[in-house]
Amino acid sequence: MIQPVIAIHGGAGAMSRAAMTPEKEQEYLSALDGILAAGQAVLAAGGSALDAVTEAVRLLEDCPLFNAGHGAVFTSAATHELDASIMDGATLRSGAIAGVDCVRNPVLAARKVMEESKHVFFVGEGAEAFAREHGLDIVDPSYFSTEARREQLLRVQRETPEAAVLDHDGQALVANSQPAAAPAEPLDADKKLGTVGAVAVDAQGNLAAATSTGGITNKQVGRVGDAPLIGAGCYASNRTCAVSTTGTGEMFIRMVAAYDVAAQMEYAGTPLAEAARRVVEDKLPTIGGKGGLIAVDAQGNVTLPFNTEGMYRGYARVGEPPVASIYR
Ligand code: ASP
């Protein structure tokens, strides 16, 4: 029997070590610990991997420290556009939504799409209508706004108006190609946070993954990153692994990053950690991709690679204390 395990991330890049105070670090680590413990409790009670990742991502969305749900970044028009996805490794069923600004917990909407729709992916007004019809919590868009995020937007617009900036490490993105010639320094040393995600394997050996984000600060209205794209920002199959990514979404889309890990395992028999390392360290950097991912396989192996200074991350095996970290 497999020892169930959950892993979570709160964004790659994290704030630079120089800007991190011991109090802030503690705040992040306890938020990660608490959320890991909640996901672990679901698994310990015999809950499914799907329920564990849903609960962990819901809590990450509600936590203002992370860029998803409450505390999401702003678009260039000072609005919010939230994206989320979920996938069940046992059946390959999946659900996703993008570009919503009134669904309190985007991951719950993604799960509803997976379970109660014949479709996989809803965007904008249609996604919001679907969420309303299915009784999800609807909030005013201002619910997602925090002062820290508004200041972050104003600062990007003042300093690098043409760049959309990756939330956590200030990486400037220009068009759909390489990062800007001179990538911006961390945009806001105090408030660079990230996308969130969770992956898990339960006692039955079922895998699941979920990802949720506000995207990147100052993104153009209508821009969608990798987070809600099955195969790019989220993937799960009991045959291989469950993966959730964070980073420069454009590059993760072009590399089909999450599925690449599973494909290496399935076609070449590559072990989980090596498959994930190749995507993060060898492949993404060739097109300027920055970020990381979390992954578990059907045997309960866990890997959390990233190519940035840090990544808010952790894992918790049932029966063992959660392990959370930020830097290398
Ligand atoms: N991958 C996310 C996106 O491109 C951003 C992030 O992970 O910070 O929307």
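Note that ligands are numbered from 1 as they come in the structure, with each ligand's atoms numbered from 1 the same way. Residue numbers start at 1 and run along the sequence shown.
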List the steps and the verdict of ring-ring contact (aromatic ring centres under 6.0 Å, His included) for H80 and F74. CA-CA 5 Å; H80 298 289; F74 285 93; 4.4 Å; yes
With heavy atoms of T246 as the reference, note each atom of ligand 1 found under 4.0 Å away. 6 (C), 7 (O), 8 (O)
Taking distance alone, with N or O pairs closer than 3.5 Å, would you say T195 contacts ligand 1? yes
Based purely on interatomic distance, does G215 place a nitrogen or oxygen under 3.5 Å from a nitrogen or oxygen of ligand 1? no
Less than 4.0 Å is my threshold; does some heavy atom of G291 fall inside it relative to ligand 1? no
Mind checking whether A227 has an N or O less than 3.5 Å away from an N or O of ligand 1? no
Here the atoms of ligand 1 under 4.0 Å from any heavy atom belonging to D226 are 1 (N), 2 (C), 3 (C), 4 (O)
Heavy-atom nearest neighbour of atom 3 (C) of ligand 1 within options R223, K219, E81: R223
Reference residue N238; test side chain to side chain donor-acceptor pair (under 3.5 Å); the match among T91, N206, D88: N206
Output side-chain donor-acceptor pairs under 3.5 Å for residues 44-51, partner residues at least two apart or in another chain, one line each.
unit_1 : atom_1 : unit_2 : atom_2 : d
S48    : OG     : D51    : N      : 3.0
D51    : OD1    : R111   : NH1    : 2.8
D51    : OD1    : R111   : NH2    : 3.0

Please identify which of these residues, T213, N67, N105, meets the side chain to side chain donor-acceptor pair (under 3.5 Å) condition with E61. N105
Close side-chain approach of K112 and S117, heavy atoms under 4.5 Å: no
Compare all side-chain heavy atoms of F130 with those of H119 and state whether any distance is below 4.5 angstrom. no
